[in-house]
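Notes to accompany the following structure.
As the structure lists them, so they are numbered: ligands from 1, and atoms in each ligand from 1. These values consider heavy atoms only, across backbone and side chains, with no hydrogens, waters or symmetry-generated copies.
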Amino acid sequence: AVDIRRLRAETGYISFDPGFANTGSCKSTITYMDGEKGILRYRGIPIEELAEHSSFVETSYLLINGELPTREQLNRTSVQLNDHSLVHEDMQNFYQNFPRASHPMGILSAMVNALRSFYPELLYTDEGFEETFLRLLSKVRTMASMAHKISRGHKVEYPRPDYTYCANFLHMMFNTPVKPYIARKELVKALNVFWILHADHEQNCSTSVVRSVGSARTNIYASLSAGVSALWGALHGGANQAVIQMLTDIHEQGVSVQDVVRRAKDKNDPFRLMGFGHRVYKTYDPRARILKKYVDEVLNRLKLQDPLLDIALELEEVALSDSYFVDYNLYPNVDFYSGILLKAMQIPTNMFTVMFAIGRLPGWIAQWQENLIDPEQRLTRPRQIYIGSNTRPYIPIDERQ
Ligand code: ACO
């Protein structure tokens with residue numbers, strides 16, 4: 001790697017790198033990815049092993065603290081997450097006053113920012129960090145389920161101290177006074193896997209935003225709120241919702257998979273095959289591979305059928321045998337199969353990106369903290385290549401043409 005800072009001091013050189021595709025913005029010990037080989041590891045542990053053996057809470061601990069917890073540390077973390085699971089009752093007023101059709105990501109971003117006002121104390125000590133992180137992990141999950149309940153006009157369901165993190169979320173989402181909801185163990189495991197796979201992905205768009213905002217010494221709530229906004233975009237976390245929309249359109253409008261692939265290749269058409277392609281992976285996204293297997297297993301075990309899975313499998317087959325997708329290295333990414341899994345859990349489509357955001361929290365938190373304590377880190381402030389006018393005079397308004 002070239003030390004651009006030194007090069008600039010010596011030569012005045014500025015690199016032009018739109019989207020920072022080839023710029024290392026930090027040194028990190030959190031997540032390793034190899035886009036050519038399709039490798040992803042958190043703190044050195046392969047994603048495949050974590051998906052199989054870990055829980056989301058344990059993986060969050062690993063990402064934030066750098067090591068897997070002992071049994072005692074894990075139990076303590078679970079108790080603390082329960083202790084933090086309620087949100088201030090006044091926060092419900094926020095939800096009530098958003099227009100009914102508001103997108104939950106817009107609401108979530110505002111609510112995460114608002115946490116700063118409700119919990120103003122921010123201790124930059126080890127204990128202070130830990131409390132803030134646990135508060136975020138626990139409360140954002142509660143807030144997301146509240147948003148769902150309120151959007152349906154239903155009474156908010158409170159968390160249960162005897163449930164695990166994922167089972168509690170499903171309980172808060174789906175339990176009603178008239179129809180008690182007991183989460184099936186297959187769905188609890190699937191949710192753990194879904195959130196583990198989304199927990200970090202090095203310097204992706206939203207994480208870079210979180211680091212960038214944090215680099216101004218902005219508080220963690222505001223930094224994460226910016227991350228939620230970045231994730232909302234259709235080219236990033238919003239793609240999981242867009243994939244289901246695309247598959248549903250194919251199903252309902254009877255458009256052939258071949259036609260969709262043809263459209264995605266047409267350079268005069270802005271349409272892209274959603275859930276395909278990745279800035280770093282130039283091969284199959286390892287998270288998509290795990291999800292594909294899980295979707296199939298979960299649907300089989302729950303004896304569910306989803307025509308969208310058949311369409312997705314066909315779409316993948318047609319795209320991957322097309323030279324356009326092969327030549328551009330466009331393979332399914334994590335969003336391609338995730339929506340089908342969320343659908344099996346009965347998560348409404350407009351909550352898909354919120355599900356991604358809850359999963360990405362530990363990564364954002366770990367990266368925000370790493371950025372804050374790294375002595376080499378500086379205020380994020382890229383340069384530009386100016387291509388505007390040269391010096392010209394100010395023309396008084398009456399003389400302008
Ligand atoms: N369908 C058709 N063509 C595509 C696709 C696609 N899904 N993705 C990229 N391409 C083409 C582009 O048209 C472009 O072609 P050109 O060079 O002839 O103009 C070329 O591949 C490179 O595309 P870029 O947008 O420059 O590549 P980048 O690395 O910036 O994009 C991205 C990555 C945004 C993910 C892109 O592949 C995409 O838009 N995919 C669809 C949206 C999606 O699934 N997003 C989720 C990403 S994963 C995540 O955030 C969790």
**Message:** Just checking Q305: does its CD atom have more than 12 heavy atoms from other residues, nucleotides or ligands closer to it than 6.0 angstrom?
**Reply:** no
**Asked** Under a 4.5 Å cut-off applied to non-hydrogen side-chain atoms, are S25 and F20 in contact?
**Response** no
**Prompt:** For H103, which residues count as a ring pair (Phe, Tyr, Trp, His ring centres under 6.0 Å) partner, sequence neighbours excluded?
**Reply:** W232
**Message:** Given the ring of Y284, does R289 sit roughly above its face, with NZ or CZ under 6.0 Å from the centre of the six-membered ring and within 45° of the axis?
**Reply:** yes
**Complete:** Sorted by chain and residue number, the residues with a non-hydrogen atom under 4.0 Å of ligand 1 are L235, H236, A239, A264, K267, R272, L273, M274, G275, F276, G277, H278, R279, Y324, Y328, L330, N333, V334, D335, F356
**Request:** Sequence neighbours left out, what pairs pass ring pair (Phe, Tyr, Trp, His ring centres under 6.0 Å) with at least one residue falling in residues 47-75?
**Result:** F56-Y165, F56-W195
**Request:** State which residues pass ring pair (Phe, Tyr, Trp, His ring centres under 6.0 Å) with Y163; sequence neighbours excluded, sorted by chain then number.
**Result:** H171
